[in-house]
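Just so it is clear, the values below take in all heavy atoms, side chains as well, and ignore hydrogens, waters and symmetry mates. We count residues from 1, following the sequence as given.
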Amino acid sequence: MTMYLVAVAFLLILLVIAFIAFKLLKKTVKMAVRIAVVAIIIAVAVAGSAFFLLYGSSKPTTKPNPATTR
């Protein structure tokens with residue numbers, strides 16, 4: 001369950017960063033470069049979220065009970 005939250009949080013944080021980058025680059029860079037930067041950030045967000053969902057959601061392993069020593 002926590003990996004789902006991590007994946008969603010990762011996606012939302014990078015989407016906010018992409019939006020801020022888009023707004024900050026408004027006056028300094030042409031539209032094509034702005035879109036490319038935002039597309040790269042969104043691609044990283046989607047890939048990272050997918051990674052967390054696919055590989056991070058496995059069940060935790062159980063530790064074997066320690067052997068009793070005398």
Side-chain angles (χ1 to χ4, degrees):
M1 181 68 176
T2 57
M3 289 311 285
Y4 292 118
L5 295 175
V6 169
V8 170
F10 185 79
L11 180 66
L12 291 177
I13 288 169
L14 284 182
L15 287 178
V16 168
I17 290 171
F19 179 75
I20 292 170
F22 187 78
K23 289 295 186 180
L24 288 177
L25 295 173
K26 189 173 189 175
K27 295 182 180 179
T28 60
V29 183
K30 293 195 182 267
M31 181 63 81
V33 176
R34 283 172 46 191
I35 296 299
V37 169
V38 170
I40 290 169
I41 294 172
I42 291 174
V44 169
V46 170
S49 294
F51 175 80
F52 284 128
L53 286 174
L54 294 175
Y55 296 110
S57 62
S58 63
K59 293 181 181 178
T61 59
T62 58
K63 293 182 180 179
N65 292 333
T68 55
T69 58
R70 293 184 189 213

Q: Is it possible for you to say whether Phe19 and Leu11 belong to one hydrophobic cluster, with membership spreading through side-chain heavy-atom contacts below 4.5 Å?
A: no
Q. With the 4.5 Å side-chain cut-off for hydrophobic clustering, are Phe51 and Leu12 part of the same group?
A. no
(Q) Nearest 0.5 Å, please: how far is CD1 in Ile13 from OG in Ser49? (A) 9.5 Å
Q: Look at the side-chain heavy atoms of Ile, Leu, Val, Met, Phe, Trp and Tyr, link any pair under 4.5 Å apart, and say whether Ile35 and Val38 land in one connected group.
A: yes
Q: Search all heavy atoms of Ile41 against all heavy atoms of Ala18 and return the closest pair with its distance.
A: CG2-CB, 3.6 Å
Q: Would you mind reporting whether Val37 and Phe22 have side-chain heavy atoms less than 4.5 Å apart?
A: no
**Q.** Atom pair CG/CD1 of Leu15 and Ile42 - distance to nearest 0.5 Å
**A.** 6.0 Å
Q) Looking at Phe52 and Ala7, what are the two nearest heavy atoms and their distance? A) CB-CB, 3.7 Å
Q.
On a heavy-atom basis, which atom in Val44 and which in Leu14 lie closest, and how many Å separate them?
A. CG1-CD1, 3.9 Å
